[in-house]
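Input: a single structure, listed below in structure tokens.
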Number of protein chains: 2
Amino acid sequence: MNPATIKDVAKAADVSVATVSRVLHNLTGYSDKTKQKVMQAVEELGYQPNAIARGLVNKRTQTIGVLFPHVSSSFSSDILHGIEEIAQEKGFSVIVCNTAEEGKRTMKYLQVLREKQVDGIVFTSEVLKDEYFQAIKEMRVPVILVNTMSQKHMIPYVKVDDHQAAYHATDYLIQKGHREIAMISGSPKDRIAGLPRLDGYRQALADNGIEYIESQVANGDFNLEGGTEAMKKLLAEAPPFTALFAASDEMAIGAMNVALERGIKIPDDLSIIGYDDLKFARMVYPPLTTIHQPLTMMGRMASEKLIALIEEDSMQVSSSIVSHHLVERQTVRSKP
Amino acid sequence: MNPATIKDVAKAADVSVATVSRVLHNLTGYSDKTKQKVMQAVEELGYQPNAIARGLVNKRTQTIGVLFPHVSSSFSSDILHGIEEIAQEKGFSVIVCNTAEEGKRTMKYLQVLREKQVDGIVFTSEVLKDEYFQAIKEMRVPVILVNTMSQKHMIPYVKVDDHQAAYHATDYLIQKGHREIAMISGSPKDRIAGLPRLDGYRQALADNGIEYIESQVANGDFNLEGGTEAMKKLLAEAPPFTALFAASDEMAIGAMNVALERGIKIPDDLSIIGYDDLKFARMVYPPLTTIHQPLTMMGRMASEKLIALIEEDSMQVSSSIVSHHLVERQTVRSKP
DNA sequence: CTGAAAGCGCTAACAT
DNA sequence: ATGTTAGCGCTTTCAG
């Protein structure tokens, strides 16, 4: 008693498989009576089409692959959420691929996705190495980049303008009267999220006639521990500062915690602004003022673009810089 | 110039497709020389097997489906992380399915998974309705439940013992000398995570000769806002309490925030213990003492069990109660 | 309006 | 050691 196939339905309805296929796809070319017979047979047998067989002939699997450096971060899961939402709406399934740190498994996953004949790929938060690009190119499926981009290759992406957002954050602090502003950054070697934010910070300082002091910037690797370490270093080695821009919420919170431990009051003694606006930014106390990245929306946009590319297979690129915004909560105050 | 198929390889290597298939699968029955020829052809043509075609004949897709009520929560993504990790190790891909609140899309997704011929299903954090059970049964693939269970049907699950964990949390507070202990719970109608935790709390009180006071329990729906509301209610309506058990970290943090706002010092004036040990539990200040659920590990276990069921198709059930543990951080202190 | 038949790319008997 | 062939379940000409 295997699952019913289209043949079984055809037999039960006493028609040919072609006809069954026709009514199942709402095509023309059958009488109402036939349709009834077929529908009834489908019903009785509990027939469900086999998407694998269909995929084999159509060369379309209605499936997309999404690559993440870490699936368990709040960051990635917000993006995934958006992607999945649109995908399911449009009748696509999504395969998640955790490429692990440094994209160790990226190549392997790209191969799997190829074998599984996915119709498209979303590549997130990682630099698109040439190797990856080649592999994807050989697959002949559309790709879309989220939260990353490639200057070398013309691939559509969806991201915020990191430079601009960092500028915005820093400038906000300056408008609040701060002049001694430290920064906890990502690695400057990170050309996607590290350098641009650092540059945005420097530019904002420069535009406001504030000298950039190298010791006022510490690298925190984007995570909590990095943030606490960087903060300690800043407190020990940097000239005094009244405000701090952290290039990620996690680092901002790490910094807040060492401030709290040392009796530095936030925002009274020190103003802090973060970056990302992850869910927990509003859960800490005081709630963190930060740069909001519309991650779920970015996921949705990426999904939409990708599916458009798949369906029309008009291979024209069109990237989106989505706008960040600054969420004022309670970790920044005007300098008296 | 379509992607090379096994036929192309066969032609290029001047052998039959059967032989190509043989060497590709490391079977026996070909000479070394043939193997060389085939390998070379594969290389030259950049041949990659088509998993869809393979799936059609093997009736195996090497794909599993995972259903979540919300993919974007830290909670779900930790589980997903574990599932994906093992799956990829064992050569399986995972399709994520966000069933949305109240499992609105569950049935629809179950159908998709059936059509896509997944080899197995992980069902998480939601009650398995009869309707779902029937649908899965018809698919004839193994299922495994994570963070939920079914008394009605014998389906293997992986979860912690909520009753016991809640007992543990409450008893810990009692051992620290507290006697007036409030609780912020989930809905008592939630038979998976709501009621058992409430019962565990009550039992611990009872076993220690402490009277259960109904007004000392407020419902918070597991989320931040619920937590703050519940805390406000408790503060307004409950008899004074020196300790609080929140049935989720989010609610605990919501409670902490209102405490902070009202000048209630934690843990000096009030001890708080949470539940889950999500990533941000250690990011708040003071770091939250809580019940740790090994979510990633639970995901791994589920994945492992599921794949075992798929591969041996020994349909024997075997559930796991995984052990929680209490993480002492800084939100609980002994009552003087 | 309907059916027969040729594949889609691959695996697995069954021959040789 | 190697080739031939019959499907897997479905879609889609092409005939009637």
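Reckoned from all heavy atoms, side chains included, excluding hydrogens, waters and symmetry mates. The chains referred to below are lettered A, B, ... by the order of the sequence lines, with proteins before strands, and numbering in each begins at 1.
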[X] [atom1] - [N] [atom2] separation (whole Å):
{"X": "N2(B)", "N": "dC8(C)", "atom1": "CG", "atom2": "P", "value": "10 Å"}
{"X": "I52(A)", "N": "dT11(D)", "atom1": "CD1", "atom2": "P", "value": "13 Å"}
{"X": "D32(A)", "N": "dT2(C)", "atom1": "CG", "atom2": "P", "value": "10 Å"}
{"X": "L56(B)", "N": "dT11(D)", "atom1": "CG", "atom2": "P", "value": "12 Å"}
{"X": "R60(B)", "N": "dA12(C)", "atom1": "CZ", "atom2": "P", "value": "12 Å"}
{"X": "R54(B)", "N": "dG9(D)", "atom1": "CZ", "atom2": "P", "value": "18 Å"}

Are [X] and [Y] close enough for a salt bridge, meaning some N to O gap below 4.0 Å?
{"X": "K279(B)", "Y": "D78(B)", "answer": "no"}
{"X": "R105(B)", "Y": "E89(A)", "answer": "no"}
{"X": "E311(B)", "Y": "K90(B)", "answer": "no"}

Near DNA chain D, under 4.0 Å by heavy atom, which residues of [range]?
{"range": "residues 18-30 of chain B", "result": "A18(B), T19(B), R22(B), G29(B), Y30(B)"}
{"range": "residues 34-48 of chain B", "result": "T34(B)"}
{"range": "residues 5-15 of chain B", "result": "D14(B), V15(B)"}

Original post:
What nucleotide among dC10(C), dT12(D), dG9(C) has an atom nearest to a side-chain atom of N58(A)?
Top reply: dT12(D)
